[in-house]
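In what follows, a structure is listed as structure tokens, so that the remarks can point back to it.
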Amino acid sequence: PSVGVVGIPFSKGQPRGGTEHGPALLRDYGIVERIQDLGNKVTDYGDLTLDAVEDDKPWNKVKNPRTVGQANRKVSECVSKITRDRQIALTLGGDHSIAIGSIHGHAQSCPDLVVVWIDAHADLNTPLSSDSGNIHGMPLSFIVKEMAPYTARLPGFEWCQPCISARDLIYIGLRDVDEAERAYMTECGIASYSMQEVDKYGLPDMMERVLKTVDPTGKRPIHLSFDVDAMDPEYSPSTGTPVHGGLTRREMYYIAEEIAGTGRLSCLDVVEVNPSLGTEADRKKTVRTTVDVVSHFFGKRREG
Ligand SMILES: CN[C@](CCCC[B-](O)(O)O)(CCN1CCCCC1)C(=O)O
Ligand SMILES: [Mn+2]
Ligand SMILES: [Mn+2]
Ligand SMILES: [Mn+2]
């Protein structure tokens, strides 16, 4: 298959500087070559140029709304182009707010996509419900149509229309969900396989249920949004919002191999690697694990 890689050096969806260096670090550790060596045809589109918007005052408590909105408009245009050319888009973040643009852009060329969101968090707060005001905790509230009654239109997001239904979204790995997010998930009927279900069903059964729930006909393009904090901090310590009790390296390999096995992966976001956090050893461990996991999304199989 052919893959289009784009770096999204962005950190304004959250307060910890460093995620803007994610794309460079992932490239330094050979993420492009690893995918090429697996027989994929890879086009590297380089990094987007993302500027801060002057005088970008908060909206209520929400920080950097115009800067995040403007950046995601560029992400949407880029991902729309890559997926329109029938390439699998690989977006290298950057914080998770970039998923607003990547799903929006992907949906322009693949309107029947489904979203598998692998994360410790639901990222379903709205500009009104968020206690942090960090947009990386809100991306899905801009994207899920059923969230419209609970959210607000922000300056900088005039271009962004919700583009998926709640039934086209499913979570894996949740273990730190805010009260409001839990309520929205119930209200909108969004399916989720938290770490409790991972333990209850075990990965093989769970992955079968995940794919049957969100794509029963087994025909729809998959948008996989991978927040590295879904993994246990033992494997990915250098990330902004680590939560204990996460997925192991082996579990991520299995999930990635199952998704790759569908042959329908159409866009993969890899977000929230923050090289500025933790020790040098933490940084190395985080990026090496992430590059390894990504190779399993693009054809690496332990069976050979
Ligand atoms: C759980 N929601 C948080 C974290 C969002 C993480 C975003 B991700 O992209 O990394 O997944 C935390 C909200 N607060 C809960 C109460 C204690 C302080 C943080 C938020 O800021 O909305
Ligand atoms: Mn996230
Ligand atoms: Mn997260
Ligand atoms: Mn995170």
Side-chain angles (χ1 to χ4, degrees), residues 8 10-20 22 58-65 68 71-72 75 91-103 115-144 147 150-152 154 169-185 190 192-195 198 223-247 251-252 255 267-278 286 289-290 293:
I8 305 169
F10 194 67
S11 68
K12 297 303 180 192
Q14 51 85 55
R16 296 164 204 84
T19 56
E20 70 277 15
W59 185 96
N60 273 2
K61 296 196 295 191
V62 180
K63 300 162 200 156
N64 314 315
V68 175
N72 274 289
V75 174
T91 60
L92 306 180
D95 69 60
H96 219 162
S97 64
I98 64 117
I100 298 168
S102 81
I103 297 172
V115 176
V116 179
W117 194 276
I118 303 183
D119 201 324
H121 311 96
D123 294 5
L124 192 62
N125 270 307
T126 73
L128 301 168
S129 75
S130 171
D131 68 342
S132 67
N134 301 327
I135 296 182
H136 77 156
M138 314 178 203
L140 286 166
S141 73
F142 293 84
I143 291 296
V144 176
M147 284 297 288
Y150 313 109
T151 191
L154 260 52
L169 166 64
I170 195 157
Y171 289 112
I172 297 176
L174 299 186
R175 56 190 185 276
D176 177 15
V177 178
D178 294 336
E179 205 178 316
E181 297 178 301
R182 180 71 258 165
Y184 297 142
M185 286 168 65
I190 300 173
S192 98
Y193 285 79
S194 73
M195 290 311 298
V198 170
H223 185 111
L224 197 298
S225 207
F226 174 41
D227 183 331
V228 299
D229 72 29
M231 294 192 284
D232 191 277
E234 165 61 32
Y235 302 96
S236 63
S238 298
T239 190
T241 50
V243 186
H244 290 294
L247 294 164
E251 288 171 328
M252 270 317 304
I255 292 168
C267 180
L268 173 64
D269 304 322
V270 179
V271 299
E272 298 278 355
V273 170
N274 189 331
S276 306
L277 300 178
T286 305
T289 302
T290 301
V293 167

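When a ligand or atom number is given, it counts from 1 through the structure's own listing order.
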query = Taking 2.8 Å as the cut-off, does an N/O/S atom of D227 lie below it from the Mn ion (ligand 3)?
reply =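 Yes, since at least one N, O or S atom of D227 sits under 2.8 Å from the Mn ion (ligand 3).
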
message = Counting backbone and side-chain atoms alike, is an N, O or S atom of D229 positioned under 2.8 Å from the Mn ion (ligand 3)?
response =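 Yes - counting backbone and side chain alike, D229 has an N, O or S atom under 2.8 Å.
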
task = Indicate yes or no: does an N/O atom of S130 lie under 3.5 Å from an N/O atom of ligand 1?
result =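 The answer is no, given that S130 and ligand 1 share no N or O pair closer than 3.5 Å.
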
request  = Would you name the N/O/S atom of H96 that lies closest to the Mn ion (ligand 2)?
outcome  =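 Going by distance to the Mn ion (ligand 2), the closest N, O or S atom in H96 is ND1.
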
query = Hey, which N, O or S atom on D123 ends up closest to the Mn ion (ligand 2)?
reply =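 Relative to the Mn ion (ligand 2), the closest nitrogen, oxygen or sulfur of D123 carries the name OD2.
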
Between [X] (side chain only) and [Y] (backbone N and O only), is there a donor and an acceptor less than 3.5 Å apart?
X	Y	result
S238	L277	yes
T19	F10	yes
E181	D123	yes
T239	P242	no
N134	Q14	no
D95	S97	yes
D229	A120	yes
Y171	A122	yes
K61	D131	yes

Ligand 1 atoms in contact with [X] (distance to a heavy atom under 4.0 Å):
X	answer
T241	6 (C), 10 (O)
D176	1 (C)
D227	8 (B), 9 (O), 10 (O), 11 (O)
N125	2 (N), 22 (O)
S132	20 (C), 21 (O), 22 (O)
H96	9 (O)

What do we get for [X] next to ligand 1 when only non-hydrogen atoms under 4.0 Å count, side chain, backbone, both or neither?
X	value
D119	side chain
E272	side chain
D229	side chain

ask   = So between D178, V243, I98, whose heavy atom ends up nearest atom 2 (N) of ligand 1?
value =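 Heavy atom nearest to atom 2 (N) of ligand 1 belongs to D178.
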
inquiry  = Considering D131, I135, V271 one by one, which has a heavy atom nearer to atom 14 (N) of ligand 1 than any of the others?
reply    =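 Checking each option, the heavy atom nearest atom 14 (N) of ligand 1 is found in D131.
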
inquiry  = Side chains of H96 and D119 only: does a donor on one sit below 3.5 Å from an acceptor on the other?
reply    =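 Yes, D119 and H96 have a side-chain donor paired with an acceptor closer than 3.5 Å.
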
task = Tell me, with the steps shown, if D269 and H223 meet side chain to side chain donor-acceptor pair (under 3.5 Å).
result = CA-CA 8 Å; D269 304 322; H223 185 111; 2.7 Å; yes

query = If you stand at the Mn ion (ligand 3) and look out to OD1 of D119 and ND1 of H121, what angle do those two lines make, to 10°?
reply =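 Reported to 10°, the angle equals 100°.
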
